[in-house]
Amino acid sequence: MTSDKLQLSTKKSRQRSNSPKLTDVFTTICKTDLHVVCVKEFKFHPVRKWRFDYAIPDHKIALEVEGGVWTGGRHTSSVGFMKDMEKYNTATLMGWRVFRTTPDELYRLKTLNLLKTAISGVFDPEKA
């Protein structure tokens, strides 16, 4: 590697470390509208590398955003489906409530109301 390339790669890594951390829109919505801390890419298992797309750790609520629903993505392949099932079942055994949504539904009121109901712990099936 030439010294010019080395300087360029060093400069890029310094720029990344000094740049302000970008805030995720969904975690901000959870903080402002639901008044809870929501963590993106939350590692919930002590051994496995599993992460929830979003988690509200204080309430042990997880939200998985299932991409590729209409295009045959990872979550709809047989292997991906089985791995997701293992992850979700293990999370449930650990006391987590795992909810699923799609990218199109993530920012909708329907999803926020689902989380709000889960946080409150009050659900009336007759009003659903």
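We count residues from 1, following the sequence as given.
- Considering CZ of F81 and CD of E66, their distance stands at 9.5 Å, rounded to 0.5 Å.
- The side chain to side chain contact (heavy atoms under 4.5 Å, CB included) with K40 is formed by just one residue from the set D53, T23, T27; it is T27.
- The minimum heavy-atom distance linking I56 with I119 is given by the pair CD1-CD1, 4.1 Å.
- A donor-acceptor contact shorter than 3.5 Å links the side chain of R97 to the backbone of A118.
- A heavy-atom distance below 4.5 Å is found between the side chains of F44 and K87.
- Of the options F42, Y54, F52, a side chain to side chain contact (heavy atoms under 4.5 Å, CB included) to L63 is made by Y54 and by none of the others.
- Residues L114 and K110 form no side-chain contact, since every pair of their non-hydrogen atoms from C-beta on lies 4.5 Å or further apart.
- Heavy-atom minimum distance, F26 versus L106: CE1-O, 3.4 Å.
- Between V36 and H59 there is a side-chain heavy-atom pair separated by less than 4.5 Å.
- Taking every heavy atom of both residues into account, T90 and E86 meet most closely at OG1-O, 2.8 Å.
- Around atom NZ of K60, more than 12 heavy atoms belonging to other residues, nucleotides or ligands sit under 6.0 Å away.
- Separation of atoms SG (C38) and CG (D24) is listed at 7.5 Å; rounding is to 0.5 Å.
- Side-chain contact between T101 and E64 is absent, with no heavy atoms from C-beta onward closer than 4.5 Å.
- Smallest separation of non-hydrogen atoms from K43 and R48: NZ-O, 3.1 Å.
- Shown here for L115 and C30, the closest heavy-atom pair between the two residues is CD1-SG, 4.5 Å.
- Scanning both residues, Y107 and V25, for their nearest heavy atoms gives CE2-CG1, 3.8 Å.
- The side chain to side chain contact (heavy atoms under 4.5 Å, CB included) test with K116 is passed by exactly one of D33, V122, L34: L34.
- At least one side-chain heavy atom of L112 sits less than 4.5 Å from a side-chain heavy atom of I29.
- Remark: side-chain polar atoms of T117 are not paired, donor with acceptor, to backbone N or O of F123 under 3.5 angstrom.
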